[in-house]
Amino acid sequence: MFIAKVTGSVIATQKVESMVGNKLLVVEPYRLEPKDRGSLVTTGRTFIAVDMLGAGVGDYVLITQGSSARLTPETKHLPIDCVVVGIVDQAHIDHACVYSREETPAPETKPEAKPEPAAKKSKPKAAPAPKPAPPTEPEPTPEPEAGSDE
């Protein structure tokens, strides 16, 4: 297992059937800084991992690679070699905390870019509404003749 930081996500609309519905994350493995051993630093590598836990960008996670990635009940039939198996709350080395989720500032958010307007599709014109029928006049009722007993 490795500690890695989630740095992004991958969206793939076309994939093998067994991968449909699985969230894909870009993760960078981290290691202990060798000189002062007081912080974690990136290894400079990047992997794509299947996320089974709901991790997000900026989270430190535990990843498993290789055939071990397929040893969970959720991943045993998936064609993967990297999976998130935990979200790190704290990491301690030599009685010092080198990472704490509670003390880590929230990742900076970039202002959302407005999506490009999609090309307008011409809508089929609806058939005109039928004109209402002219009101019909009631048929006149015959008036009784004079001298009849009605």
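FYI, the numbering just counts along the sequence from 1.
Note on I87: it clusters hydrophobically with V57, by side-chain heavy-atom contacts below 4.5 Å among ILVMFWY residues. Using a 4.5 Å cut-off between side-chain heavy atoms of Ile, Leu, Val, Met, Phe, Trp and Tyr, with links allowed through other members, V16 and V50 fall into the same hydrophobic cluster. Criterion: ILVMFWY side-chain heavy atoms under 4.5 Å apart, direct or through other members. Under it, Y99 and I93 are part of a common hydrophobic cluster. In the hydrophobic cluster analysis, where Ile, Leu, Val, Met, Phe, Trp and Tyr join through side-chain heavy atoms closer than 4.5 angstrom, V41 is grouped apart from M1.
When the shell of 6.0 Å around NE2 of H77 is examined, it contains 12 or fewer heavy atoms from other residues, nucleotides or ligands. For CZ of F47, the number of neighbouring non-hydrogen atoms (other residues, nucleotides, ligands) closer than 6.0 Å is greater than 12. Other residues, nucleotides and ligands place more than 12 heavy atoms under 6.0 Å from the CZ atom of R31. For M19, the CE atom is densely surrounded, since the number of other residues' heavy atoms within 6.0 Å is greater than 12.
The aromatic rings of Y30 and Y60 sit perpendicular to each other, their planes meeting at more than 60°, with 30° as the lower class boundary.
The structure places CD1 of I11 at 10.5 Å from NZ of K23, a figure rounded to the nearest 0.5 Å. To the nearest 0.5 Å, atom SG of residue C82 and atom CG of residue L24 are 10.5 Å apart. Interatomic distance, CD1 of I80 versus CG of N22, reported as 7.5 Å (0.5 Å rounding). One distance of note links CG of L62 with CG of L53; it measures 9.5 Å at 0.5 Å rounding.
I3 and A91 make their closest contact through CD1-CB, 4.3 Å (heavy atoms, listed as atom of the first residue, atom of the second, distance). Between A49 and V84, the shortest heavy-atom contact is CB-CG2, 4.1 Å. Pairing each heavy atom of A69 with each of D81, the nearest pair is CB-C, 3.7 Å.
Side-chain contact annotation: E28 with T42, donor-acceptor N/O pair under 3.5 Å present.
In this structure the side chain of K5 never reaches within 4.5 angstrom of the side chain of V88, judged on heavy atoms.
Using a 4.0 Å cut-off between charged nitrogen and carboxylate oxygen, D94 and R37 count as a salt-bridge pair.
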